[in-house]
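Sequence lines set the chain letters: A, B, ... in the order given, protein chains first and strands last, and positions in each chain run from 1.
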Amino acid sequence: MLQIYNSLTRKKEAFKPHEPGKVRMYVCGLTVYDYSHLGHARAMVIFDMVARYLRIRGYHVTYVRNITDIDDKIINRANENGEDISEVTARFIKAMHDDIAALGVERPDAEPRATEHTGQIIAMITKLMEKGYAYVADNGDVYYDVSRFVAYGKLSGKRPEELRAGARVAVEEAKDDPLDFVLWKAAKPNEPSWNSPWGPGRPGWHIECSAMATHCLGNHLDIHGGGQDLQFPHHENEIAQSEGATGEPFVNVWMHNGIVRMDDEKMSKSLGNFFTVREVLAKYRPEEVRYFILFSHYRSPLNYSKEQLDGAKAALTRLYTALRGLPGSSDKAERAYRDRFYAAMDDDFNTPAAISVLFDLAHEINRLSEHDPAKAGQLAATLRKLGGILGLLQDDPDVFLQGIGAVGGDSLRIETIERLIAQRDEARKHKAWAESDRIRDLLAEKGVVLEDSASGTTWRRN
RNA sequence: GGCUGGAUGGCAGAGUGGUUAUGCGGCGGCCUGCAAAGCCGUUUAGGCCGGUUCGAUUCCGACUCCAGCCUCCA
């Protein structure tokens, strides 16, 4: 039985979609004004893992992940570059798709963009106006009246009075209440705008998610996900908007992934302490990055460090080494291991525990490979199958270990390596150990590790 | 200050009221011409103080420290 930690109730709950067998899931995507960094990548990989696992468990999943393609930062970026907004967004949407595809993130079923849903957005704001949840301010902006939504704060555990008391932000004068948030921004000169009942303007950030989520998935979602840093105010505001407009519960299960840290501090654009996905992929292979992300639980903070990424590489090397030379494809997984893997994943997507099952498999494969290759082969197929659920271990082991597409360094060409190995074999036949070791040291200096066995010499890059 | 969440072995990172997490690293052994890989064994745990219990790392309470949110943020 799948259990998911629900941020709304702050506990794990048995997962029950309200339509049996079907899951409607919405995840907050990115604002496309710059390259994605590791924090974005984590959210993308986590919810990709969630969608994959739900499907493995037999659910028909509709996964929607939005793109915010109109916002102050995008406008500023376009102005800085002397570009049109659509040029900026097109470029960074492409970059995002490339980056996360490299990390093995599958495309969601829909990827709605704010600028393509202004109709739905305006319709929802109109509804909120009609129901008295919104007002037009003196400056022409439309605001949500937080005082009208009695459940405000239920997701974040915050109380409006305390928020007001602790307000540290300069209060926008047009608002009736510092907690009110903008639904529609009146256009300033030279800003992109859409016509609306309240004059030309553009949507506020929070409303787009409410409008697109309900438009794509209906009023009542099973799962809504996003980074922990979106829990308040973004998701709190989404609830206020959606439930205010539809009168129905908006989301059953709220899932929040932990943030990525650098030196025990949040990795973020504003702090400037971030690595873009591209920068990381220049040093590490995509699968290493994906493993790094999945090796800690999705709700824990994830500390970025060289040691962690190097560890991911070492761990994958062990798993692929176990798979090497064994038939890898099969549809059936050994039941005992599969059950343990599922049990881990059923427990709030406990990927570290699930990964530990992969290592137990690798260990058993290594034990059996000599005396019971048939059984070892079966387990190898199981390992590959279960790894695949996490989007791991789908490469040919030799391709991974020999580092085709490995990054960095002045690596030797395969032909050169094989020629040197042949030379060394010749020397070894004559027990010319000095020459043999000379060649092995030479290769080692170039990052190539040799492994002699009864069946010949194999090599890998380290 | 308020609201969330956390504190585990050398590092990373899970589960668990009494029994091996797992990975990286260390140490000893097997294998090897020597290595590497692998295998066998092994070494360091659960912030601090109380409480509940036959027994707590695990449950409860206080304390200390850390992070996130309260401003755009995955």
Side-chain angles (χ1 to χ4, degrees), chain A residues 7 10 27-31 33 36-47 65 68 71-73 153 155-159 161-170 178-179 205 225-234 236 256-261 264-271 274 291-292 295-297 299-303 305 307-308 310-319 321-322 324 343-344 347 350-360 362-363 365-370 401 428 431-434 436-437 440-441 444 449-454 457-460 462:
Chain A
S7 305
R10 289 179 202 90
V27 172
C28 291
L30 305 183
T31 301
Y33 71 101
S36 318
H37 63 66
L38 218 47
H40 303 126
R42 185 181 193 195
M44 299 292 124
V45 168
I46 292 297
F47 288 104
R65 190 185 63 210
T68 299
D71 138 291
D72 286 352
K73 286 178 176 168
L155 176 64
S156 54
K158 294 176 191 300
R159 296 217 308 250
E161 316 82 72
E162 283 163 353
L163 285 167
R164 285 183 192 103
R168 302 186 312 201
V169 187
L179 296 190
W205 175 42
Q228 222 156 48
D229 50 1
L230 297 185
Q231 191 171 353
F232 186 88
H234 184 57
E236 196 73 69
H256 292 98
N257 65 276
I259 51 150
V260 177
R261 293 187 196 165
D264 290 327
E265 195 172 47
K266 181 182 174 182
M267 177 181 285
S268 75
K269 284 265 153 96
S270 33
L271 289 170
F274 61 91
Y291 180 96
F292 159 68
F295 188 61
S296 71
H297 186 79
R299 284 190 283 116
S300 304
L302 177 59
N303 217 41
S305 73
E307 290 71 26
Q308 287 269 70
D310 289 344
K313 178 182 178 169
L316 284 169
T317 297
R318 175 164 165 84
L319 294 173
T321 299
R324 188 167 51 176
D347 183 14
N350 191 337
T351 53
I355 286 173
S356 79
V357 177
L358 304 184
F359 283 100
D360 288 347
H363 186 240
I365 290 166
N366 289 334
R367 279 163 49 88
L368 294 172
S369 58
E370 200 175 329
L401 294 168
R428 293 182 74 224
K431 298 196 192 302
W433 306 128
S436 164
D437 291 350
R440 188 170 62 198
D441 291 347
V449 180
L450 300 190
E451 296 168 0
D452 298 327
S453 76
T457 299
T458 54
W459 64 275
R460 63 185 166 86
N462 70 3

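Atom-to-atom, CZ of A:Arg42 to P of B:G68 comes out at 13 Å; the value is rounded to the nearest Å. The separation between A:Asn350 atom CG and B:U16 atom C1' is 12 Å, rounded to whole Å. One interatomic measurement links the two molecules: CH2 of A:Trp433 to P of B:A36, which rounds to 16 Å at whole-angstrom precision. If you take CG of A:Leu163 and P of B:G1, they are 17 Å apart, rounded to a whole angstrom. The interatomic distance linking A:His234 (NE2) with B:A74 (P) rounds to 9 Å, in whole Å. The separation between A:Glu370 atom CD and B:G38 atom C1' is 9 Å, rounded to whole Å. In this entry the distance linking CZ of A:Arg261 with P of B:C69 reads 11 Å, nearest Å. Protein atom CG of A:Leu271 is 14 Å distant from nucleotide atom C1' of B:A74, rounded to whole Å.
Annotation: B:C60 and B:G15 have their P atoms spaced 15 Å apart (nearest Å). Rounded to the nearest Å, the gap between the P atom of B:C54 and that of B:U20 is 25 Å. Taking atom P on both B:A62 and B:G6, the two are 15 Å apart, rounded to the nearest angstrom. Nucleotides B:C11 and B:U43 have their C1' atoms positioned 15 Å apart, rounded to a whole Å. Spacing of C1' atoms, B:A37 relative to B:U32, comes out at 11 Å, to the nearest Å. For the P atom pair drawn from B:U8 and B:C3, the interatomic distance equals 24 Å after rounding to whole Å. The C1' atoms of B:A36 and B:C69 are separated by 50 Å, rounded to the nearest whole Å. If you take atom P in B:G38 and the same atom in B:A45, they sit 27 Å apart, rounded to whole Å.
Note on A:Glu451: a base of the nucleic acid sits closer than 4.0 angstrom, heavy atoms only. Backbone-only contact: A:Gly226 has heavy atoms under 4.0 Å from sugar-phosphate atoms and none from a base. Residue contacts shown for A:Asp437 include a base, since a base heavy atom lies under 4.0 Å away. Residue-level contact check: A:His297 touches the backbone only, with heavy atoms under 4.0 Å from sugar-phosphate atoms and none from bases. Nucleic acid contact class of A:Gly153 (heavy atoms, under 4.0 Å, all strands): none. As judged by a 4.0 angstrom heavy-atom cut-off over every strand, A:Arg367 is placed among residues touching the sugar-phosphate backbone only. Nucleic acid contact for A:Lys269: none, since no nucleic acid atom lies under 4.0 Å from a heavy atom of the residue. Counting any heavy atom pair closer than 4.0 Å across all strands shown, A:Ser270 reaches a base atom. At the heavy-atom level, A:Asp264 lies under 4.0 Å from the strands shown only through sugar-phosphate atoms. Within the 4.0 angstrom heavy-atom criterion, base atoms lie near A:Leu450.
In terms of heavy-atom proximity, A:Asp264 sits nearest to A:Arg261 at OD1-NH1, 3.5 Å. Listed here is the closest heavy atom pair of A:Arg42 and A:Ile259: NH1-O, 3.1 Å. Nearest heavy-atom pair, A:Pro352 versus A:Ser296, reported as atom, atom and distance to 0.1 Å: CG-C, 3.6 Å.
With a glycosidic angle no more than 90° from 0, B:G46 adopts the syn conformation.
Ion pair A:Arg440/A:Glu451 not flagged as a salt bridge, since none of the NZ, NE, NH1 or NH2 atoms sits closer than 4.0 Å to an Asp/Glu carboxylate oxygen. Salt bridge present: A:Arg159 and A:Glu162 bring a charged side-chain N and a carboxylate O closer than 4.0 Å. Between A:Asp310 and A:Lys313 there is no salt bridge, since no side-chain nitrogen of the basic residue lies less than 4.0 Å from a carboxylate oxygen of the acidic one.
Taking 3.5 Å as the limit, the base of B:G15 and the side chain of A:Asp347 contain no donor-acceptor pair of atoms between them. Contact of A:Ser436 with B:G33 (side chain to base): a donor-acceptor pair of N or O atoms is detected under 3.5 Å. Applying the 3.5 Å distance criterion, the base of B:A35 shares a donor-acceptor pair with the side chain of A:Arg440. Applying the 3.5 Å distance criterion, the base of B:C69 shares a donor-acceptor pair with the side chain of A:Lys158.
Searching all strands for a Watson-Crick or G-U wobble partner of B:C24 with both distances below 3.5 Å returns B:G10. Here B:A36 sits opposite no nucleotide as a Watson-Crick or G-U wobble pair (both hydrogen-bonding atom distances under 3.5 Å). The pairing partner recorded for B:U44 is none, the criterion being a Watson-Crick or G-U wobble arrangement whose two distances lie under 3.5 angstrom. Across the strands present, B:C3 finds its partner in B:G68; the criterion is a Watson-Crick or G-U wobble pair with both atom distances under 3.5 angstrom. Across all strands shown, B:U57 forms no Watson-Crick or G-U wobble pair with both distances under 3.5 Å.
Take A:Asp441 and apply the salt bridge (charged side-chain N to carboxylate O under 4.0 Å, His left out) test, not counting sequence neighbours, and it matches no residue. Applying the ring-ring contact (aromatic ring centres under 6.0 Å, His included) rule to A:Phe295 yields the partners A:Tyr291; only residues at least two apart in sequence or on another chain are considered.
Checking A:Glu307 against A:Arg10, the closest nucleotide of RNA chain B that is more toward the 5' end is the one next to A:Arg10. RNA chain B is contacted by both A:Gly39 and A:Pro233; A:Pro233 maps to the nucleotide lying nearer its 5′ end (nearest heavy atom per residue).
For A:Asn366 and B:C39, the shortest distance from a side-chain N or O to OP1 or OP2 is below 4.0 Å. Contact between the side-chain N/O atoms of A:Ser300 and the OP1/OP2 oxygens of B:A14 is found at a separation under 4.0 Å.
In this structure, A:Asn350 contributes its side chain and A:Ala353 its backbone to a donor-acceptor pair below 3.5 Å. Between the side chain of A:His40 and the main chain of A:His37, a donor-acceptor pair closer than 3.5 Å is present. Side-chain N or O atoms of A:Glu236 include one that pairs as donor or acceptor with a backbone N or O of A:Ser156 at under 3.5 Å.
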Annotated protein contacts, base or backbone, on nucleotides 20-32 of chain B with a non-hydrogen cut-off under 4.0 Å, one of B, S, - each: -BBSS--------

